[in-house]
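To keep things clear, I will list the structure first and then write my remarks on it.
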Amino acid sequence: MPSLIVIASKFFLDPKWLYALLLIVLFLLLYLIRPKPKHTVIPSLMFLFKDQGRNTKTNFFRKLIRDLLFILQLLILLFLIISVAKPYINVTKESLFKNTVLVVDVSASMKADYDGKTRFDEAVKLAKKNLGVTNTLVLVKHNPEVVLIEKSSKDIRDYLDAQKATDTTSNLYDAISTAGGYAKGDSRIVVISDFIDTETDTGIETAKKTLEAQGIKVDFIRVFEPVNNVGIIDLVIEEQKTSAVIKNFNAQAVEVKIKVNTLEETLNIPANSQELFTFSTPIGTSKLEVESIGIKDGFKADNTAHISTPSDIQKKALLITNNPSPEKTFLFNAFDVMKNIEIDVAIPPKIPSLDDYDIFILKDIDPNLILPGTFKGIKKEVETNGKTAIITAQSATTSMLGVNYYDLLPLRYNDTITETTNILSGSTESITANIEFGITKKYFKISTFEGRPVIVLAAAEDQTPIITFSSLEEGKVFFYGILDEDKSADASFAKSPVYFVFWKRLMDFATDTPSIKNLNYLSGSTLNFQKEERIQTPTGKITTKSLPLENAGLYTLNDRVIAINLLNKKESDVNNQADIEQEGYFQSSEKFKEKIPFELTDYMILIAIILLFIEFTYIKLRGDL
């Protein structure tokens with residue numbers, strides 16, 4: 001038969017201390033030893049007879065109190081001896097975790113319908129059921145965010161009650177990895193999501209196994225229910241037209257109604273297919289809406305796309321030239337087709353009032369006909385009123401030498417070069433991005449003035465500036481040195497498709513008109529400002545220097561209105577089957593279910609202290625203290 005020590009080892013980590021239980025025998029002997037009674041003569045027995053009834057009753061309570069103190073002292077001794085032997089019980093490892101790191105998905109796909117509400121509503125409910133003693137909260141979105149660190153259950157509940165799902169993509173892998181940095185040895189990570197990871201290709205099981213290898217328990221809870229969906233997954237906005245890609249994610253063909261401002265059309269999209277819808281780009285802000293006919297769309301976040309384009313406020317340009325046929329020049333035609341530019345022509349010496357114009361273009365001027373006051377007037381308008389002057393190179397060398405620009409142009413003519421050269425972009429700014437300027441067989445050797453900073457937008461192979469930009473007080477000055485109409489130069493740029501693109505970008509910059517690219521963004525990106533701005537967002541007004549674009553809609557900034565859209569095929573595929581179990585609660589690996597000893601020593605000592613306090617209380621009530 002197994003010894004008593006072997007049997008006791010199943011319940012105690014140090015069972016040899018159980019021999020100390022023999023002290024209880026000594027305690028019982030001491031208790032049983034009664035002191036010898038002392039006889040006392042009472043003068044009168046009448047008091048005894050008078051109180052006999054009462055003493056009979058009180059003796060019972062005194063005996064009870066005396067026996068109760070014996071029981072308390074016996075229990076105190078018993079618990080102290082047991083605590084020394086280190087009692088324990090076997091529990092699963094996962095039951096010992098006290099700290100929880102919650103990873104809650106707030107990406108766009110969590111707006112999909114779920115049991116009469118949304119997936120996010122269900123995720124919040126599940127999160128509240130999986131709180132620990134202390135909790136850290138990580139939100140899953142395009143850029144995972146740690147919003148609360150080691151907070152109480154109440155703090156987490158209050159935050160989740162005020163939180164809403166965003167319109168961003170999801171980055172589950174990074175969110176789980178981030179949570180691992182906040183998990184301690186007694187922590188577990190609970191990931192609540194639909195597990196549609198749209199930002200990383202690395203499987204989330206990899207992140208889970210990596211953390212579990214470090215002893216961190218990771219649980220996956222999937223919130224998922226199939227729904228119908230037809231949505232806008234792409235939008236290409238150009239100056240003349242806009243193209244939208246609309247996808248039917250359903251297993252059956254769907255007819256959809258499309259609305260853009262006052263334009264309405266219907267489109268039939270086959271099962272699991274996508275269609276292109278093209279329309280004229282509206283001016284200003286507008287909204288593209290898609291509505292399924294005959295079925296309930298369970299994901300409405302991709303049913304709307306917002307569009308923002310430059311307003312139709314006209315800017316006036318004045319072309320000052322002595323060219324007898326200015327309307328035949330490449331530059332005039334480029335300006336003439338711009339929607340927001342109205343171009344007039346003035347032939348020196350007769351010049352209209354300069355106050356009426358925003359842009360002044362000096363091209364093919366005769367130095368003998370133009371008056372000095374014209375240059376001085378343009379310079380004043382540029383300096384004080386923030387207007388723009390564009391000075392083009394004169395085809396004739398004598399013209400270049402004969403024109404006095406009165407410090408309007410910060411460049412000096414040095415020589416005429418008649419060699420073939422490539423014109424290279426001298427800046428990575430958006431004005432010249434992806435612009436091929438081609439070649440020219442003639443250009444002017446020029447140099448800059450000291451004290452006037454000049455940005456070279458394009459240059460010859462010998463680094464001679466061809467196109468430049470400089471500031472003049474409040475305004476802007478451009479020099480354009482490509483000889484478009486000079487046959488001896490044989491420049492190719494004016495004949496290329498990007499010629500108009502270049503001038504359109506330059507005009508947008510000159511007139512502070514934001515480009516379409518700077519008016520439309522995908523959700524999940526961030527805008528930074530040099531100073532704090534008061535901004536109207538889809539969820540309210542905020543003041544910030546860094547604006548996270550997490551909600552689709554229109555944002556009103558100080559200088560423009562921008563449109564934010566989801567436009568993500570993966571995020572819109574809300575029926576995507578994840579690589580994990582289909583739904584429900586998923587435990588971590590089996591190693592967290594292993595039984596391990598959980599020591600009860602502290603609890604035994606705590607019970608002994610409580611019993612000791614009870615004993616002192618009884619002694620006080622008895623009157624011995």
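- With Asn261 contributing its side chain and Leu263 its backbone, the two residues share no donor-acceptor pair below 3.5 Å.
- Looking at Thr556, its side chain never comes within 3.5 Å of a backbone N or O of Thr537 through a donor-acceptor pair.
- Taking NZ from Lys545 and OG1 from Thr543, the interatomic distance works out to 13.0 Å, rounded to the nearest 0.5 Å.
- The salt bridge (charged side-chain N to carboxylate O under 4.0 Å, His left out) check on Glu122 picks up Lys125, with sequence neighbours excluded.
- Here salt bridge (charged side-chain N to carboxylate O under 4.0 Å, His left out) pairs that include residues 512-539, with residues two or more places apart or in two chains, are Lys476-Asp512.
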After noting the C-alpha distance and the side-chain angles of Ser308 and Ile562, does the key distance pass the side chain to side chain contact (heavy atoms under 4.5 Å, CB included) rule? CA-CA 6 Å; Ser308 180; Ile562 62 174; 5.6 Å; no

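- Counting only distance, with no hydrogens or angles, the side chain of Arg560 and the backbone of Thr513 share no donor-acceptor pair below 3.5 Å.
- Residue pairs meeting the salt bridge (charged side-chain N to carboxylate O under 4.0 Å, His left out) criterion with at least one partner in residues 128-145, sequence neighbours excluded, are Lys128-Asp161, Lys141-Glu145, Lys141-Glu550.
- Without hydrogens or angle criteria, Ser107 side chain to Glu571 main chain gives no donor-acceptor distance under 3.5 Å.
- The main-chain N or O of Thr178 is never found under 3.5 Å from a side-chain atom of Asp174 such that the two would form a donor-acceptor pair.
- The six-membered or imidazole ring of Phe224 lies away from that of Phe195, with a centre-to-centre distance of 6.0 Å or more.
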Applying side chain to side chain contact (heavy atoms under 4.5 Å, CB included) to Leu139 and Gln163, what does each step give before you reach the verdict? CA-CA 10 Å; Leu139 301 182; Gln163 184 67 30; 4.1 Å; yes

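- For the atom pair Thr169 OG1 and Lys570 NZ, the distance stands at 10.0 Å (nearest 0.5 Å).
- A donor-acceptor pair is defined here as one N or O able to donate and one able to accept, closer than 3.5 Å; no such pair exists between the side chain of Arg188 and the backbone of Ala183.
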Review item, side-chain donor-acceptor pairs of residues 264-279, under 3.5 Å, at least two apart:
unit_1 : atom_1 : unit_2 : atom_2 : d
Ser273 : OG     : Ala271 : O      : 3.0
Thr278 : OG1    : Ser243 : OG     : 3.3

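- Heavy-atom contacts from other residues, nucleotides or ligands closer than 6.0 Å to NZ of Lys569 number 12 or fewer.
- Taking the ring centre of Phe120 as origin, the terminal cationic atom of Lys164 falls outside the region bounded by 6.0 Å and 45° from the ring axis.
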Intermediate values then yes/no, side chain to side chain donor-acceptor pair (under 3.5 Å), Asp194 and Ser109: CA-CA 8 Å; Asp194 57 10; Ser109 61; 2.7 Å; yes

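- Residues Asn135 and Val101 have side chains not in contact (no heavy-atom distance under 4.5 Å, counting atoms from C-beta outward).
- With 3.5 Å as the limit, one finds a donor-acceptor pair spanning the side chains of Asp121 and Thr118.
- The 12-atom threshold is not exceeded at CG of Asn434, counting heavy atoms of other residues, nucleotides or ligands nearer than 6.0 Å.
- Geometrically, Lys247 engages Phe249 in a cation-pi contact defined by less than 6.0 Å to the ring centre and at most 45° from the axis.
- Here the side chain of Asn520 pairs a donor or acceptor atom with the backbone of Ile516 at under 3.5 angstrom.
- The closest donor-acceptor contact from the side chain of Tyr114 to the backbone of Met110 lies at 3.5 Å or more, if one exists at all.
- The shortest non-hydrogen separation linking Ser193 to Leu172 is OG-CD1, 3.7 Å.
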Between Ser546 and Asn528, does a side chain to side chain donor-acceptor pair (under 3.5 Å) hold up when you go through it step by step? CA-CA 4 Å; Ser546 181; Asn528 296 309; 2.9 Å; yes

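- Distance CG/Leu148 to CG/Asp158: 10.0 Å, rounded to 0.5 Å.
- Defined by atom type and a distance below 3.5 Å, a donor-acceptor pair is present between the side-chain atoms of Thr168 and Thr166.
- If you check the side chains of Thr242 and Thr281, you find a donor sitting under 3.5 Å from an acceptor.
- Separation of atoms CD1 (Ile149) and CG (Leu137) is listed at 10.5 Å; rounding is to 0.5 Å.
- For the atom pair NZ of Lys296 and CG of Asn228, the computed distance is 9.5 Å after rounding to the nearest 0.5 Å.
- To the nearest 0.5 Å, atom CD1 of residue Ile221 and atom CD1 of residue Ile192 are 4.5 Å apart.
- Taking the side-chain hydrogen bond (donor to acceptor under 3.5 Å, both in side chains) definition, one finds that Ser572 meets it with Asp302, sequence neighbours left out.
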Take Leu547 and Leu557 through the side chain to side chain contact (heavy atoms under 4.5 Å, CB included) test and state the conclusion after the steps. CA-CA 10 Å; Leu547 177 63; Leu557 311 183; 4.1 Å; yes

Apply side chain to side chain contact (heavy atoms under 4.5 Å, CB included) to residues Asn250 and Ile295 and explain how you reach the verdict. CA-CA 10 Å; Asn250 304 306; Ile295 65 168; 3.5 Å; yes

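- Remark: Asp197 engages no residue in a salt bridge (charged side-chain N to carboxylate O under 4.0 Å, His left out) (not counting sequence neighbours).
- Paired with Leu102 under the rule side-chain contact (heavy atoms from CB on, under 4.5 Å), one option of Leu126, Val190, Val191 passes, and it is Val190.
- In this structure, a donor-acceptor pair under 3.5 Å is absent between the side chains of Thr134 and Glu150.
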Could you walk me through whether Asp219 and Lys217 pass salt bridge (charged side-chain N to carboxylate O under 4.0 Å, His left out), step by step? CA-CA 7 Å; Asp219 289 331; Lys217 182 176 184 288; 2.3 Å; yes

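- With hydrogens and angles ignored, the 3.5 Å screen pairs no side-chain donor or acceptor of Asn565 with any backbone N or O of Ala552.
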